[in-house]
Amino acid sequence: MAHDVTFIPGDGTGPELAEATRRVLEATGVAFNWDRREAGVDEYERSGNPFPDETLDSIRRNGIGIKGPTTTPVGSGFRSVNVLLRKELDLYACIRPCKAYEGVRTRFPETDIVIVRENTEDLYAGIEFEKDSDEALRLTDFIEGLEGGARIREHSGISIKPISVFGSERIVRAAFDYAKENGRGKVTAAHKANIMKYSDGLFLEVARKVAEDYPEIEFEDRIIDNLCNQLVSRPEEYDVIVLPNLYGDIVSDLGAGMIGGLGLAPGANIGTEAAMFEATHGSAPKYKGLNRVNPTALMLSGVLMLRHLHERDAADSLEAAIASVIKQGEKVTYDLKPTRDDPTAVGTSEFAGAVIEEMNA
Ligand code: NAD
């Protein structure tokens, strides 16, 4: 039976990356009914709305989508499509595998980690008070009056960091479930519980409790600064890493750097209602329409989608084909060549062709 999937090309280089990804997904032999919907800056210019209701309704209906990147113009007044998606569909878990494929130039060839980032709370909850605003001044007085409170220095901006039992429990469970379903042996929870006892401390306490429900999977915790140090000195010791929002954001980019760059880092945003698969990188607008950028990140997001759909053989075969094309190093995009102006680099579409050829070989 064909899978109904919402297909959002996005803008900038999004449409060319999405097209390359659609081709390789279809070449696996899995059948899809693509429900093509628009979002992003081109749609904004066309209709005045970067994220039409039909797009959201389609994802709600299908429960699954794959998306090219979308631009968020600075100071345009329109909100990020990605933030809206996460909020509207409560996509609380961001899953980012970071695996160094053979043939990619990286100092961390042993890297094979999966970052599971909480997406909805922490310092990204958007609870902020501007310096010298009435609210900031009232909050300052209120906090000073509390038992255990303190005087916040004058002219301070204030951001609140809420971490809940509910939010921590569901993200840690998502990490353990991912580990279980994907044959991973260990989950590491990262935090700064020694300093932030009641937010990160709570995250750690909940993580320890959840870990008891998964005795077959090893559990450990690391203080976030130590984790960063160890990731670049002994990456092979890490497997699945679960983190609150801010640390997860930073460590995701660290992971992308460790495996050779943004062009290779896939992602999934998973919620209770729906799952959305997309690359970690943005719309790289300066390359728009040039058929140059690397579609690997979105293709590997497609691999994650296939696994989510329980199409494991197709997922393994597509991942193996991508890995093989990268390892051969011939029909790859400029970012995977020894120098960026290498004349033998192929385009986005030719890379997809090479992956399809490899799958059919
Ligand atoms: P970006 O990821 O688009 O690009 C930064 C640089 O990374 C590019 O100039 C390019 O050199 C390189 N790069 C990125 N993707 C690549 C690929 N597939 N192959 C080869 N090289 C690649 O980051 P940015 O320039 O900061 O953001 C551009 C826009 O994208 C912004 O409007 C931002 O808000 C948006 N954005 C969207 C998403 C998303 O849709 N999920 C994520 C991040 C940023």
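Start at 1 and go down the list; that is how both ligands and their atoms are numbered. All figures in this text were calculated on a predicted structure; none of them were measured in a lab.
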Item to complete: Take D90 and R170 through the test salt bridge (charged side-chain N to carboxylate O under 4.0 Å, His left out) and record every step on the way to the result.
Response: CA-CA 12 Å; D90 193 25; R170 69 177 178 172; 2.8 Å; yes
Salt bridge [X]-[Y], side-chain N to carboxylate O under 4.0 Å:
X	Y	answer
E357	K331	yes
E88	R60	yes
D57	R37	no
E273	R61	no

Could you find the nearest protein heavy atom to [atom] and give me its residue, atom name and distance?
atom	answer
atom 25 (O) of ligand 1	P285 CD, 4.7 Å
atom 22 (C) of ligand 1	Y334 OH, 4.3 Å
atom 14 (C) of ligand 1	H281 CB, 3.9 Å
atom 13 (N) of ligand 1	A284 CB, 4.5 Å
atom 11 (O) of ligand 1	Y287 CE1, 3.8 Å
atom 19 (N) of ligand 1	N294 N, 3.0 Å
atom 32 (O) of ligand 1	T72 N, 2.9 Å
atom 36 (N) of ligand 1	G282 CA, 3.4 Å

If you measure from each heavy atom of [X] to ligand 1, is any distance below 4.0 Å?
X	answer
R292	no
L298	no
A297	no

Worksheet item: Nearest non-hydrogen atom to atom 7 (O) of ligand 1 belongs to which of L262, T70, D335?
Response: L262
Worksheet item: Less than 4.0 Å between atom 3 (O) of ligand 1 and some protein heavy atom, yes or no?
Response: yes
Worksheet item: Under the 4.0 Å line, does any protein heavy atom show up next to atom 39 (C) of ligand 1?
Response: yes
Worksheet entry | Check: D200 and N194 side chains under 4.5 Å, non-hydrogen atoms | no
Worksheet item: Heavy atoms, side chains only, cut-off 4.5 Å: are E236 and F108 in contact?
Response: no
Practice prompt. Evaluate whether atom NZ of K186 has more than 12 neighbouring non-hydrogen atoms of other residues, nucleotides or ligands under 6.0 angstrom away.
Written response: yes
Worksheet item: Got more than 12 heavy atoms from elsewhere within 6.0 Å of CZ, R153?
Response: no
Worksheet entry | T71 N/O under 3.5 Å from ligand 1 N/O | no
Considering only heavy atoms of [X], which atoms of ligand 1 have at least one such atom less than 4.0 Å away?
X	value
P69	40 (O)
K67	40 (O)
K286	9 (O)

Worksheet item: Looking only at heavy atoms, is any part of N82 under 4.0 Å from ligand 1, and if so is it the side chain, the backbone, or both, or is it neither?
Response: side chain
Worksheet item: Does T13 approach ligand 1 within less than 4.0 angstrom via side chain, backbone, both or neither, non-hydrogen atoms only?
Response: neither
Discussion item. Assess the residue pair F351 and T296 against the criterion (side-chain contact (heavy atoms from CB on, under 4.5 Å)); give the C-alpha distance rounded to whole Å, side-chain angles, the decisive distance to 0.1 Å, and a yes or no.
Written reply: CA-CA 9 Å; F351 183 93; T296 300; 3.3 Å; yes
Worksheet entry | Intermediate values then yes/no, salt bridge (charged side-chain N to carboxylate O under 4.0 Å, His left out), K288 and D11 | CA-CA 8 Å; K288 177 182 178 175; D11 61 52; over 6 Å; no
Worksheet item: Checking R117 against Y247: charged group under 6.0 Å from the ring centre and within 45 degrees of the axis?
Response: no
